[in-house]
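If you read the sequence from its start, that first residue is 1, and numbering goes on from there. Being a predicted model, the structure only gives us computed values, none of them experimental.
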Amino acid sequence: MVTGASGYIGGRLVPELLGAGYWVRCLARTPGKLRDHPWAGRAQVVQGDVLDAASVARAMDGVDVAYYLVHALGTGRDFEQTDREAARVFGEQARRAGVRRLVYLGGLTPEGVAESHLSPHLRSRAEVGRILLDSGVPTAVLRAAVIIGSGSASFEMLRYLTERLPAMVTPRWVHTRIQPIAVRDVLRVLVGCSRLPADVSRAFDIGGPEVLTYREMMQRYAAVAGLPRRLIVPVPVLTPGLSSQWVGLVTPVPASIARPLTESLRHEVVCRERDIERYLPSPPGHPLGFDQAVALALQRVREAQVVTRWSSASVPGAPSDPLPTDPDWAGGSLYADIRERETDAAPKALWQVIEGIGGENGWYSFPLAWAVRGWLDRLVGGVGLRRGRRDARRLRVGDSLDFWRVEEIERGRLLRLRAEMRLPGLAWLEMRVDGNGGGPVRYRQRALFHPRGLLGHLYWWSVSPFHAVVFGGMARNIVRAAARVQHGHAPHS
């Protein structure tokens, strides 16, 4: 069983386990988010939550090995307590179900540093590992530092800092020694842990063959990417909070996720042992060196073959309520902006434009307004527009799309996005293709907003004067783009 299958590592581990011949069950709070993954038809997906003992017990039934790949980082100030309780539930239910092996991927902790001095992120990861080891079920706790792979938060942070800043003033942690590891090696070891002997229950440090400072990682990245050498000037005045804001300003990784990453870089994170090799010897050519890991990740990015991204998992604190058409919403306030336009383009051409929206393709109206809204969202701690898309042409349920997330997709017919920007309420954007065959084809667009309190109502009425420009222009330009696609041109030509 795999938890966290909608996340960066979990979404890649499932097909690796399937490829190794295992039967796989995924535990997910929202099973629909896994529906469009290429492996979805080969794995069983069950609904449940790691905090709900009953649902975990049901999911554990018949399971030999259970992977714990979830954490509550960013869900609030009490995220450490949430992590603690979830790990206890998971361990207890695994023991009762007779699971023979638990596997957990945590963070590499620095040697000689008291746990009380660690960042909350690393401290919680270490505590979760201890709870699972104390569960009575043989457990393998893997501790990794920076994971290098297309779409990982650590790689995106490194990539954008290096590519966008030929010269930079940086925090002191660029001199911290780190032992990065390629995501391919992380997955290889995770799969291998399912075969560990029953008497092995301990933590293992895992890392690549090189120890580098973050500064060296940036310079090596630049060399692999064919960029000039970067001018990097460390200064002592950037605190972890300021560092995270700096990272959030330059990269697509928002400050809420950048902060635990940068806090974890304050201390040296280098493997103290390589005991995992005694049980799972590395094949020839592994573990991959830093340059090779970067080259493979860049190749995936350039070929648009990024399987999962750091944004694959839901953003902490993002709304998760049902669509307001559900019966539970009867009687609640719901604002709507509805636009419809007829087009001579074929449904297929119209759908191509709809599914290609966002990211580098833009939103087909008033780019400055969208950019400003993205920057405002970043200023208040939101994700902003720069998450972009996982794939330039194809979407799947659960994908992040700038400051939206794909909530529903009926290919060729409907795309529904849920807002993940900071708002005093809940918002959705629907784009629909109606009509085929001999009748006219219509593009239908709905922007929906369920306000929260007086501030929510004031927000809607303050922005509604701009809807004619933003949403009206969007509908008009999407139809025009569909006509260009119909005639064999690029949507933005």
Mutual orientation of the aromatic rings belonging to Y279 and F204 [parallel < 30°, tilted 30-60°, perpendicular > 60°]: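 Answer is perpendicular, since the angle exceeds 60°.
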
W370 and W404 aromatic ring geometry - parallel, tilted or perpendicular at 30°/60° bounds: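 Judged by the thresholds at 30° and 60°, the geometry between W404 and W370 is tilted.
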
Can you find a pair of side-chain heavy atoms, one from [X] and one from [Y], that are under 4.5 Å apart?
X    : Y    : value
L51  : V89  : no
R12  : S152 : no
F90  : T3   : yes
H71  : V128 : no
H37  : P15  : no
V46  : R58  : no
M218 : L227 : no

Distance-minimising heavy-atom pair for L122 and P110: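 Nearest pair, atom of L122 first, then P110: CD1-CD, 4.4 Å.
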
Considering all heavy atoms, the nearest R411-D36 contact: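 Here R411 and D36 meet closest at NH2-OD2, 4.2 Å.
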
What distance do [X] atom [atom1] and [Y] atom [atom2] have between them, rounded to the nearest 0.5 Å?
X    : Y    : atom1 : atom2 : value
W363 : N477 : CH2   : CG    : 14.0 Å
D391 : L401 : CG    : CG    : 11.5 Å
I181 : S154 : CD1   : OG    : 12.0 Å
E92  : M60  : CD    : CE    : 11.0 Å
R416 : L429 : CZ    : CG    : 11.0 Å
Q445 : F471 : CD    : CZ    : 7.0 Å

side-chain contact (heavy atoms from CB on, under 4.5 Å) involving A346 - partner list, sequence neighbours excluded: Q486

Results of side chain to side chain donor-acceptor pair (under 3.5 Å) for Y22 - residues two or more places apart only: S194

Salt bridge R159-E156, side-chain N to carboxylate O under 4.0 Å: yes

Carboxylate-amine/guanidinium contact D399 R389, below 4.0 Å: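 No, no charged N to carboxylate O under 4.0 Å.
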
For the side chain of [X] and the backbone of [Y], is there at least one donor-acceptor N/O pair under 3.5 Å apart?
X    : Y    : result
E355 : L395 : yes
Q179 : G207 : no
R25  : A59  : yes
T139 : R202 : no
Y67  : L190 : yes
D83  : S124 : no
R300 : G149 : no
R184 : A293 : no
D185 : G208 : no
E430 : L414 : no

Passing option when Y443 is tested against D434, V479, V353 for side chain to side chain contact (heavy atoms under 4.5 Å, CB included):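 For Y443, the side chain to side chain contact (heavy atoms under 4.5 Å, CB included) test succeeds with only one of D434, V479, V353, which is V479.
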
Check against side-chain contact (heavy atoms from CB on, under 4.5 Å), Y214 and T176: CA-CA 6 Å; Y214 204 88; T176 300; 6.0 Å; no

Residue pair S55 / Q47, side-chain donor-acceptor N/O under 3.5 Å: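 No, no side-chain donor-acceptor contact under 3.5 Å.
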
Option among R396, R418, R35 that satisfies the salt bridge (charged side-chain N to carboxylate O under 4.0 Å, His left out) test with E408: R35

